[in-house]
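Each remark here refers to the structure printed beneath this line.
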There are 2 protein chains.
Amino acid sequence: MTNPTRDQLLSAAARLYGEHGFRGTTTRRIAEEAQVNEVTIFRLFGSKSALLLEAIRTHGTDVSDDQLPLTPRDPLSELTAWSAHQRSTLRSMRSMIRKAMSEFEEHPDMPKCMENGANTVHTRLYRYFERMQELNLIDPKADVRAATAMLLSSLFHDAIARDMYPDLFPHPSSSAPAIYSRLALRSLGCNLPAAARETTRRRRAS
Amino acid sequence: MTNPTRDQLLSAAARLYGEHGFRGTTTRRIAEEAQVNEVTIFRLFGSKSALLLEAIRTHGTDVSDDQLPLTPRDPLSELTAWSAHQRSTLRSMRSMIRKAMSEFEEHPDMPKCMENGANTVHTRLYRYFERMQELNLIDPKADVRAATAMLLSSLFHDAIARDMYPDLFPHPSSSAPAIYSRLALRSLGCNLPAAARETTRRRRAS
DNA sequence: TTTCAATGCAAGTGACTACTTGCATCACAT
DNA sequence: ATGTGATGCAAGTAGTCACTTGCATTGAAA
(Lines give C-alpha, C1' and ligand atoms only; values in the text may rest on other atoms or scores of the structure.)
Protein backbone atom coordinates (compact mmCIF):
# COMPACT_ATOMS: atom_id res chain seq x y z
CA MET A 1 0.00 0.00 0.00
CA THR A 2 1.52 3.22 -1.18
CA ASN A 3 0.92 6.49 0.59
CA PRO A 4 2.41 9.52 -1.18
CA THR A 5 2.50 11.70 1.91
CA ARG A 6 4.44 9.10 3.85
CA ASP A 7 6.87 8.57 1.02
CA GLN A 8 7.41 12.30 0.60
CA LEU A 9 8.19 12.65 4.28
CA LEU A 10 10.52 9.66 4.31
CA SER A 11 12.57 10.81 1.38
CA ALA A 12 12.65 14.42 2.58
CA ALA A 13 13.80 13.23 5.99
CA ALA A 14 16.51 11.01 4.54
CA ARG A 15 17.85 13.79 2.36
CA LEU A 16 17.85 16.37 5.13
CA TYR A 17 19.44 13.97 7.56
CA GLY A 18 22.31 13.59 5.15
CA GLU A 19 22.71 17.36 5.12
CA HIS A 20 22.06 18.33 8.70
CA GLY A 21 22.25 15.26 10.91
CA PHE A 22 19.72 14.30 13.54
CA ARG A 23 19.49 17.50 15.48
CA GLY A 24 19.75 19.81 12.54
CA THR A 25 16.96 18.08 10.68
CA THR A 26 14.03 19.95 12.20
CA THR A 27 10.44 18.95 11.77
CA ARG A 28 9.74 22.31 10.17
CA ARG A 29 12.44 21.66 7.58
CA ILE A 30 11.16 18.20 6.82
CA ALA A 31 7.60 19.46 6.41
CA GLU A 32 8.71 22.21 4.05
CA GLU A 33 10.84 19.88 1.98
CA ALA A 34 8.01 17.37 1.72
CA GLN A 35 5.47 20.12 1.15
CA VAL A 36 3.14 18.89 3.85
CA ASN A 37 1.98 20.44 7.07
CA GLU A 38 4.28 19.96 10.04
CA VAL A 39 1.58 18.38 12.17
CA THR A 40 1.29 15.56 9.64
CA ILE A 41 4.68 14.28 10.75
CA PHE A 42 3.33 13.59 14.21
CA ARG A 43 0.11 12.19 12.91
CA LEU A 44 1.86 9.71 10.63
CA PHE A 45 5.00 8.84 12.58
CA GLY A 46 4.44 9.90 16.18
CA SER A 47 7.78 11.62 16.60
CA LYS A 48 10.74 13.03 14.74
CA SER A 49 12.91 10.13 15.87
CA ALA A 50 10.55 7.51 14.51
CA LEU A 51 10.40 9.29 11.17
CA LEU A 52 14.16 9.60 10.88
CA LEU A 53 14.78 6.02 11.91
CA GLU A 54 12.38 4.75 9.34
CA ALA A 55 13.79 7.09 6.71
CA ILE A 56 17.31 5.78 7.24
CA ARG A 57 16.11 2.21 7.23
CA THR A 58 14.34 2.81 3.96
CA HIS A 59 17.10 4.73 2.25
CA GLY A 60 20.21 3.54 4.03
CA THR A 61 20.30 -0.12 3.15
CA ASP A 62 20.29 0.30 -0.57
CA VAL A 63 22.43 -2.67 -1.42
CA SER A 64 22.88 -2.13 -5.08
CA ASP A 65 22.25 -4.80 -7.60
CA ASP A 66 25.17 -7.07 -7.29
CA GLN A 67 27.32 -7.79 -10.26
CA LEU A 68 29.90 -10.20 -8.88
CA PRO A 69 29.40 -13.59 -10.53
CA LEU A 70 29.40 -16.74 -8.49
CA THR A 71 32.18 -18.13 -10.61
CA PRO A 72 35.09 -15.80 -11.31
CA ARG A 73 36.00 -15.77 -14.99
CA ASP A 74 37.85 -12.52 -15.52
CA PRO A 75 38.66 -11.36 -12.01
CA LEU A 76 40.21 -8.02 -12.80
CA SER A 77 37.42 -6.71 -14.92
CA GLU A 78 34.69 -8.27 -12.82
CA LEU A 79 36.16 -6.86 -9.67
CA THR A 80 36.75 -3.47 -11.25
CA ALA A 81 33.16 -3.19 -12.42
CA TRP A 82 31.85 -4.29 -9.07
CA SER A 83 34.14 -1.92 -7.18
CA ALA A 84 33.14 1.00 -9.34
CA HIS A 85 29.53 0.23 -8.69
CA GLN A 86 29.94 -0.11 -4.93
CA ARG A 87 31.94 3.06 -4.72
CA SER A 88 29.32 4.92 -6.69
CA THR A 89 26.60 3.73 -4.38
CA LEU A 90 28.55 4.62 -1.27
CA ARG A 91 29.40 7.96 -2.74
CA SER A 92 25.79 8.81 -3.42
CA MET A 93 25.07 8.04 0.23
CA ARG A 94 28.17 9.61 1.71
CA SER A 95 26.53 12.43 3.58
CA MET A 96 24.09 10.09 5.21
CA ILE A 97 26.86 7.65 6.08
CA ARG A 98 28.97 10.40 7.61
CA LYS A 99 26.08 11.59 9.70
CA ALA A 100 25.13 8.15 10.93
CA MET A 101 28.70 7.34 11.90
CA SER A 102 29.08 10.65 13.61
CA GLU A 103 26.02 10.07 15.72
CA PHE A 104 26.93 6.55 16.78
CA GLU A 105 27.22 7.49 20.44
CA GLU A 106 24.01 9.50 20.67
CA HIS A 107 21.88 7.57 18.18
CA PRO A 108 23.33 4.06 17.82
CA ASP A 109 20.27 3.01 15.83
CA MET A 110 21.37 5.08 12.89
CA PRO A 111 24.55 3.23 11.88
CA LYS A 112 22.76 0.06 12.93
CA CYS A 113 20.27 0.60 10.11
CA MET A 114 23.12 0.29 7.65
CA GLU A 115 24.78 -2.76 9.12
CA ASN A 116 22.94 -5.30 7.00
CA GLY A 117 23.93 -3.54 3.83
CA ALA A 118 27.56 -3.38 4.87
CA ASN A 119 27.67 -7.02 5.91
CA THR A 120 26.00 -8.13 2.71
CA VAL A 121 28.56 -6.37 0.57
CA HIS A 122 31.39 -7.75 2.67
CA THR A 123 30.07 -11.29 2.41
CA ARG A 124 29.68 -11.08 -1.35
CA LEU A 125 33.26 -10.01 -1.91
CA TYR A 126 34.60 -12.48 0.60
CA ARG A 127 32.75 -15.32 -1.19
CA TYR A 128 34.13 -14.21 -4.51
CA PHE A 129 37.68 -14.32 -3.22
CA GLU A 130 37.06 -17.68 -1.56
CA ARG A 131 35.76 -19.03 -4.83
CA MET A 132 38.87 -17.76 -6.52
CA GLN A 133 40.93 -19.60 -3.97
CA GLU A 134 39.01 -22.83 -4.57
CA LEU A 135 39.65 -22.47 -8.28
CA ASN A 136 43.35 -21.93 -7.62
CA LEU A 137 43.24 -18.47 -9.13
CA ILE A 138 45.04 -17.03 -6.12
CA ASP A 139 47.58 -18.15 -3.56
CA PRO A 140 45.98 -20.94 -1.49
CA LYS A 141 47.43 -19.38 1.63
CA ALA A 142 46.36 -15.82 0.94
CA ASP A 143 44.45 -14.09 3.71
CA VAL A 144 41.17 -13.65 1.92
CA ARG A 145 39.44 -12.03 4.86
CA ALA A 146 42.07 -9.37 5.15
CA ALA A 147 42.07 -8.60 1.44
CA THR A 148 38.31 -8.28 1.55
CA ALA A 149 38.56 -5.81 4.40
CA MET A 150 41.27 -3.88 2.68
CA LEU A 151 39.52 -3.47 -0.63
CA LEU A 152 36.27 -2.47 1.03
CA SER A 153 38.06 0.01 3.27
CA SER A 154 39.66 1.61 0.24
CA LEU A 155 36.37 1.93 -1.59
CA PHE A 156 34.63 3.18 1.52
CA HIS A 157 37.23 5.77 2.40
CA ASP A 158 37.47 6.96 -1.22
CA ALA A 159 33.70 7.30 -1.39
CA ILE A 160 33.19 9.22 1.83
CA ALA A 161 36.35 11.31 2.07
CA ARG A 162 37.64 12.16 -1.40
CA ASP A 163 35.65 15.36 -1.52
CA MET A 164 37.33 16.50 1.68
CA TYR A 165 40.91 15.33 1.13
CA PRO A 166 41.35 14.81 -2.61
CA ASP A 167 45.15 14.50 -2.44
CA LEU A 168 44.98 11.34 -0.40
CA PHE A 169 43.44 9.28 -3.17
CA PRO A 170 44.58 7.92 -6.56
CA HIS A 171 43.91 10.07 -9.59
CA PRO A 172 41.97 10.32 -11.75
CA SER A 173 39.01 9.40 -9.58
CA SER A 174 37.46 7.31 -12.32
CA SER A 175 40.45 4.97 -12.33
CA ALA A 176 40.48 4.35 -8.60
CA PRO A 177 38.23 1.27 -8.57
CA ALA A 178 40.48 -0.42 -11.14
CA ILE A 179 43.57 0.57 -9.20
CA TYR A 180 42.24 -0.80 -5.93
CA SER A 181 41.05 -3.98 -7.60
CA ARG A 182 44.42 -4.62 -9.18
CA LEU A 183 46.20 -4.10 -5.90
CA ALA A 184 43.80 -6.36 -4.06
CA LEU A 185 44.24 -9.15 -6.59
CA ARG A 186 47.94 -8.71 -6.49
CA SER A 187 48.03 -8.92 -2.72
CA LEU A 188 46.20 -12.21 -3.08
CA GLY A 189 48.81 -13.57 -5.46
CA CYS A 190 46.37 -13.72 -8.31
CA ASN A 191 47.49 -15.93 -11.16
CA LEU A 192 45.95 -14.30 -14.17
CA PRO A 193 45.93 -16.08 -17.51
CA ALA A 194 48.82 -15.04 -19.68
CA ALA A 195 46.52 -13.23 -22.08
CA ALA A 196 44.85 -11.27 -19.37
CA ARG A 197 48.21 -10.46 -17.90
CA GLU A 198 49.52 -9.22 -21.22
CA THR A 199 46.50 -6.98 -21.53
CA THR A 200 47.08 -5.59 -18.12
CA ARG A 201 50.66 -4.78 -18.88
CA ARG A 202 49.84 -3.02 -22.05
CA ARG A 203 47.33 -0.90 -20.34
CA ARG A 204 49.78 0.14 -17.72
CA ALA A 205 52.33 1.13 -20.30
CA SER A 206 49.96 3.59 -21.93
CA MET B 1 52.14 32.33 27.93
CA THR B 2 49.86 29.77 29.50
CA ASN B 3 46.34 30.57 30.60
CA PRO B 4 44.67 27.77 32.56
CA THR B 5 41.13 28.98 31.89
CA ARG B 6 41.71 29.06 28.17
CA ASP B 7 43.27 25.61 28.19
CA GLN B 8 40.45 24.19 30.24
CA LEU B 9 37.90 25.56 27.83
CA LEU B 10 39.79 24.33 24.79
CA SER B 11 40.15 20.80 26.02
CA ALA B 12 36.58 20.67 27.31
CA ALA B 13 35.34 21.92 23.96
CA ALA B 14 37.40 19.40 22.02
CA ARG B 15 36.18 16.52 24.14
CA LEU B 16 32.56 17.55 23.94
CA TYR B 17 32.76 18.14 20.23
CA GLY B 18 33.85 14.57 19.81
CA GLU B 19 30.80 13.47 21.75
CA HIS B 20 28.10 15.80 20.55
CA GLY B 21 29.23 17.54 17.37
CA PHE B 22 29.02 21.24 16.71
CA ARG B 23 25.42 21.89 17.49
CA GLY B 24 25.19 19.50 20.41
CA THR B 25 28.18 21.05 22.13
CA THR B 26 26.41 23.87 23.93
CA THR B 27 28.18 26.69 25.66
CA ARG B 28 26.56 25.69 28.91
CA ARG B 29 28.01 22.17 28.57
CA ILE B 30 31.44 23.47 27.77
CA ALA B 31 31.38 25.82 30.75
CA GLU B 32 30.33 23.05 33.09
CA GLU B 33 32.93 20.64 31.80
CA ALA B 34 35.64 23.28 32.14
CA GLN B 35 34.30 24.43 35.48
CA VAL B 36 34.18 28.08 34.47
CA ASN B 37 31.34 30.51 34.08
CA GLU B 38 29.58 30.45 30.73
CA VAL B 39 30.13 34.15 30.09
CA THR B 40 33.89 33.52 30.16
CA ILE B 41 33.61 31.71 26.86
CA PHE B 42 32.43 34.87 25.15
CA ARG B 43 34.94 37.01 26.94
CA LEU B 44 37.86 34.83 25.93
CA PHE B 45 36.81 33.61 22.51
CA GLY B 46 34.00 35.87 21.30
CA SER B 47 31.75 33.07 20.15
CA LYS B 48 31.13 29.36 20.38
CA SER B 49 32.34 28.86 16.82
CA ALA B 50 35.67 30.51 17.47
CA LEU B 51 36.19 28.38 20.56
CA LEU B 52 35.37 25.16 18.77
CA LEU B 53 37.51 25.98 15.78
CA GLU B 54 40.48 26.70 17.94
CA ALA B 55 39.82 23.60 20.04
CA ILE B 56 39.85 21.37 16.98
CA ARG B 57 42.94 23.05 15.63
CA THR B 58 44.70 22.49 18.92
CA HIS B 59 43.58 18.92 19.45
CA GLY B 60 42.90 17.66 15.98
CA THR B 61 46.30 17.85 14.32
CA ASP B 62 48.09 15.56 16.66
CA VAL B 63 50.48 13.98 14.22
CA SER B 64 52.06 11.38 16.37
CA ASP B 65 55.76 10.94 16.65
CA ASP B 66 56.75 9.29 13.49
CA GLN B 67 58.56 6.02 13.57
CA LEU B 68 59.14 5.27 9.92
CA PRO B 69 62.86 5.37 9.19
CA LEU B 70 64.21 7.20 6.20
CA THR B 71 65.91 4.06 5.01
CA PRO B 72 63.87 0.88 5.10
CA ARG B 73 65.75 -1.99 6.72
CA ASP B 74 63.06 -4.41 7.86
CA PRO B 75 59.96 -3.26 6.03
CA LEU B 76 57.44 -5.63 7.53
CA SER B 77 58.21 -4.90 11.12
CA GLU B 78 58.84 -1.20 10.56
CA LEU B 79 55.59 -0.84 8.71
CA THR B 80 53.70 -2.90 11.25
CA ALA B 81 54.92 -0.79 14.14
CA TRP B 82 54.15 2.40 12.31
CA SER B 83 50.69 1.21 11.26
CA ALA B 84 49.84 0.15 14.79
CA HIS B 85 50.84 3.54 16.02
CA GLN B 86 48.87 5.45 13.41
CA ARG B 87 45.82 3.35 13.97
CA SER B 88 46.04 3.90 17.68
CA THR B 89 46.23 7.64 17.22
CA LEU B 90 43.32 7.70 14.81
CA ARG B 91 41.35 5.47 17.12
CA SER B 92 41.83 7.78 20.05
CA MET B 93 40.49 10.63 17.90
CA ARG B 94 37.75 8.70 16.19
CA SER B 95 34.79 10.51 17.66
CA MET B 96 36.21 13.86 16.73
CA ILE B 97 37.08 12.65 13.26
CA ARG B 98 33.58 11.30 12.73
CA LYS B 99 32.07 14.56 13.83
CA ALA B 100 34.30 16.70 11.69
CA MET B 101 33.64 14.61 8.61
CA SER B 102 29.96 14.62 9.29
CA GLU B 103 29.86 18.37 9.45
CA PHE B 104 31.82 18.98 6.27
CA GLU B 105 28.93 20.65 4.51
CA GLU B 106 27.91 22.92 7.36
CA HIS B 107 31.29 23.56 8.94
CA PRO B 108 33.97 22.91 6.31
CA ASP B 109 36.59 24.42 8.62
CA MET B 110 36.39 21.43 10.91
CA PRO B 111 37.76 18.71 8.64
CA LYS B 112 40.06 21.38 7.22
CA CYS B 113 41.77 21.61 10.59
CA MET B 114 42.82 18.00 10.21
CA GLU B 115 44.05 18.17 6.66
CA ASN B 116 47.66 18.92 7.47
CA GLY B 117 47.86 15.94 9.77
CA ALA B 118 46.37 13.63 7.18
CA ASN B 119 48.64 14.90 4.41
CA THR B 120 51.71 14.61 6.59
CA VAL B 121 50.99 10.99 7.38
CA HIS B 122 50.29 10.26 3.74
CA THR B 123 53.51 11.86 2.62
CA ARG B 124 55.58 9.93 5.14
CA LEU B 125 54.27 6.58 4.04
CA TYR B 126 54.52 7.48 0.37
CA ARG B 127 58.17 8.46 0.85
CA TYR B 128 58.91 5.22 2.63
CA PHE B 129 57.50 3.19 -0.23
CA GLU B 130 59.35 5.33 -2.77
CA ARG B 131 62.56 4.73 -0.92
CA MET B 132 61.85 1.05 -0.98
CA GLN B 133 61.41 1.27 -4.70
CA GLU B 134 64.71 3.11 -5.11
CA LEU B 135 66.40 0.38 -3.12
CA ASN B 136 64.79 -2.25 -5.31
CA LEU B 137 62.94 -3.78 -2.40
CA ILE B 138 59.71 -3.75 -4.33
CA ASP B 139 58.59 -4.02 -7.93
CA PRO B 140 59.95 -1.00 -9.83
CA LYS B 141 56.62 -0.69 -11.58
CA ALA B 142 54.43 -0.94 -8.51
CA ASP B 143 51.89 1.82 -8.01
CA VAL B 144 53.27 3.28 -4.84
CA ARG B 145 50.70 6.02 -4.61
CA ALA B 146 47.85 3.55 -4.77
CA ALA B 147 49.35 1.25 -2.16
CA THR B 148 49.85 4.23 0.12
CA ALA B 149 46.21 5.17 -0.26
CA MET B 150 45.09 1.64 0.29
CA LEU B 151 47.03 1.03 3.48
CA LEU B 152 45.98 4.35 4.95
CA SER B 153 42.35 3.72 4.04
CA SER B 154 42.48 0.38 5.81
CA LEU B 155 43.99 1.88 8.94
CA PHE B 156 41.59 4.78 8.87
CA HIS B 157 38.48 2.69 8.36
CA ASP B 158 39.55 0.20 11.01
CA ALA B 159 40.20 3.01 13.48
CA ILE B 160 36.93 4.86 13.00
CA ALA B 161 34.47 2.08 12.25
CA ARG B 162 35.49 -1.11 14.03
CA ASP B 163 33.47 -0.25 17.09
CA MET B 164 30.37 0.05 14.90
CA TYR B 165 30.85 -2.87 12.50
CA PRO B 166 33.31 -5.27 14.13
CA ASP B 167 32.64 -8.11 11.69
CA LEU B 168 34.01 -6.17 8.76
CA PHE B 169 37.56 -6.13 10.08
CA PRO B 170 40.33 -8.68 10.60
CA HIS B 171 40.53 -10.37 13.99
CA PRO B 172 41.97 -10.13 16.50
CA SER B 173 42.09 -6.35 16.38
CA SER B 174 45.65 -6.26 17.68
CA SER B 175 46.84 -8.17 14.61
CA ALA B 176 45.20 -5.91 12.07
CA PRO B 177 48.12 -3.48 11.56
CA ALA B 178 50.42 -6.41 10.81
CA ILE B 179 47.88 -7.93 8.48
CA TYR B 180 47.36 -4.71 6.56
CA SER B 181 51.10 -4.10 6.36
CA ARG B 182 51.77 -7.54 4.98
CA LEU B 183 49.10 -7.13 2.35
CA ALA B 184 50.36 -3.73 1.34
CA LEU B 185 53.92 -4.98 0.95
CA ARG B 186 52.72 -7.94 -0.98
CA SER B 187 50.70 -5.80 -3.34
CA LEU B 188 53.91 -3.87 -3.98
CA GLY B 189 55.78 -7.04 -4.87
CA CYS B 190 58.05 -6.75 -1.88
CA ASN B 191 61.17 -8.88 -2.12
CA LEU B 192 61.83 -9.77 1.44
CA PRO B 193 65.09 -11.50 2.42
CA ALA B 194 64.67 -15.25 2.62
CA ALA B 195 65.03 -15.25 6.39
CA ALA B 196 62.36 -12.68 6.89
CA ARG B 197 60.06 -14.56 4.56
CA GLU B 198 60.56 -17.79 6.39
CA THR B 199 59.67 -16.14 9.63
CA THR B 200 56.51 -14.81 8.19
CA ARG B 201 55.43 -18.20 7.00
CA ARG B 202 56.01 -19.88 10.29
CA ARG B 203 53.93 -17.37 12.03
CA ARG B 204 51.06 -17.96 9.71
CA ALA B 205 51.16 -21.66 10.23
CA SER B 206 50.69 -21.31 14.00
C1' DT C 1 46.09 50.51 50.34
C1' DT C 2 44.43 51.19 45.80
C1' DT C 3 43.86 49.84 41.19
C1' DC C 4 42.97 46.82 37.63
C1' DA C 5 42.15 42.65 35.14
C1' DA C 6 39.96 38.31 35.22
C1' DT C 7 36.21 35.88 36.35
C1' DG C 8 31.70 34.76 38.76
C1' DC C 9 26.67 35.48 39.36
C1' DA C 10 22.10 36.39 37.93
C1' DA C 11 18.88 37.85 34.98
C1' DG C 12 17.51 38.54 30.68
C1' DT C 13 16.75 38.60 25.27
C1' DG C 14 15.15 36.88 21.09
C1' DA C 15 15.20 33.05 18.33
C1' DC C 16 14.52 28.20 17.76
C1' DT C 17 12.43 23.46 18.58
C1' DA C 18 9.37 19.19 19.06
C1' DC C 19 5.08 18.69 19.81
C1' DT C 20 -0.14 19.64 20.99
C1' DT C 21 -4.83 21.31 20.26
C1' DG C 22 -9.02 22.86 18.08
C1' DC C 23 -11.18 24.00 14.09
C1' DA C 24 -11.60 23.86 8.95
C1' DT C 25 -11.29 21.90 4.35
C1' DC C 26 -11.16 18.42 0.93
C1' DA C 27 -11.79 14.12 -1.45
C1' DC C 28 -13.74 9.77 -1.65
C1' DA C 29 -17.05 6.16 -0.54
C1' DT C 30 -21.69 4.90 0.61
C1' DA D 1 -26.47 14.16 0.41
C1' DT D 2 -23.90 12.46 4.38
C1' DG D 3 -20.05 10.53 6.80
C1' DT D 4 -15.29 9.69 7.36
C1' DG D 5 -10.43 9.92 7.11
C1' DA D 6 -6.57 12.61 5.75
C1' DT D 7 -4.56 16.77 5.88
C1' DG D 8 -4.13 21.99 6.40
C1' DC D 9 -4.02 26.17 9.33
C1' DA D 10 -3.06 28.81 13.30
C1' DA D 11 -1.96 29.38 17.72
C1' DG D 12 0.20 27.85 21.44
C1' DT D 13 3.38 25.38 25.13
C1' DA D 14 7.48 24.64 27.58
C1' DG D 15 11.97 24.09 27.00
C1' DT D 16 16.60 25.09 24.92
C1' DC D 17 20.25 27.98 23.09
C1' DA D 18 24.01 31.60 22.05
C1' DC D 19 24.79 35.57 23.71
C1' DT D 20 24.44 40.22 26.47
C1' DT D 21 24.44 43.23 30.49
C1' DG D 22 25.26 45.04 35.04
C1' DC D 23 27.05 44.30 39.29
C1' DA D 24 30.17 41.73 42.53
C1' DT D 25 34.31 39.24 43.95
C1' DT D 26 39.06 37.89 43.87
C1' DG D 27 43.90 38.02 43.32
C1' DA D 28 47.99 40.24 41.83
C1' DA D 29 50.72 44.27 40.99
C1' DA D 30 52.14 48.86 42.06
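The basis for the numbers below is simple: all heavy atoms, side chains too, and nothing from hydrogens, waters or symmetry mates. Just so we're clear, the structure is a prediction, and the values are computed from it rather than from any experiment. Sequence lines set the chain letters: A, B, ... in the order given, protein chains first and strands last, and positions in each chain run from 1.
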How many whole angstroms separate atom [atom1] of [X] from atom [atom2] of [N]?
X: A:Phe22; N: C:dT17; atom1: CZ; atom2: P; answer: 13 Å
X: A:Leu16; N: C:dA18; atom1: CG; atom2: P; answer: 12 Å
X: A:Leu51; N: C:dA18; atom1: CG; atom2: C1'; answer: 12 Å
X: A:Ile30; N: C:dT17; atom1: CD1; atom2: P; answer: 11 Å
X: B:Arg28; N: C:dG8; atom1: CZ; atom2: P; answer: 15 Å
X: B:Ile41; N: C:dT7; atom1: CD1; atom2: P; answer: 12 Å
X: B:Leu9; N: C:dG8; atom1: CG; atom2: C1'; answer: 13 Å
X: B:Phe45; N: C:dT7; atom1: CZ; atom2: P; answer: 10 Å

Would you confirm whether the ring centroid of A:His157 sits within less than 6.0 angstrom of the ring centroid of A:Phe169? yes
Please work out which of the three classes, parallel, tilted or perpendicular, describes the rings of A:His107 and A:Phe22, given edges at 30° and 60°. parallel
Between A:Asp158 and A:Tyr180, do the side chains contain an N or O donor and an N or O acceptor separated by less than 3.5 Å? yes
Result for 5'-nearest mapping on DNA chain D, choosing between A:Glu38 and B:Arg43, is A:Glu38
Check every strand shown and say whether [X] touches a base, only sugar-phosphate, or nothing at a heavy-atom separation below 4.0 Å.
X: A:Thr25; result: sugar-phosphate
X: A:Val36; result: sugar-phosphate
X: A:Leu44; result: sugar-phosphate

May I ask you to decide if A:Tyr128's main-chain N or O and A:Arg131's side chain share a donor-acceptor pair within less than 3.5 Å? no
May I ask you to check if B:Arg145 and B:Tyr126 form a cation-pi contact, with NZ or CZ under 6.0 angstrom from the six-membered ring centre and within 45° of the axis? yes
Less than 4.0 angstrom between a side-chain N/O of B:Thr5 and OP1 or OP2 of C:dT7, yes or no? yes
Under 4.0 Å between a side-chain N or O of B:Thr40 and OP1 or OP2 of C:dT7? no
Bounds of contact between DNA chain D and chain B, in 5' to 3' order, using a heavy-atom cut-off under 4.0 Å: D:dC17 to D:dG22
I need the minimum non-hydrogen distance between A:Glu78 and A:Pro72, along with the two atoms involved. OE1-CA, 3.6 Å
CE of B:Met114 to CE of B:Met101, rounded to nearest 0.5 Å, is 10.0 Å
Comparing A:Val39 with A:Arg29, nearest DNA chain C nucleotide closer to 5' gives the residue A:Arg29
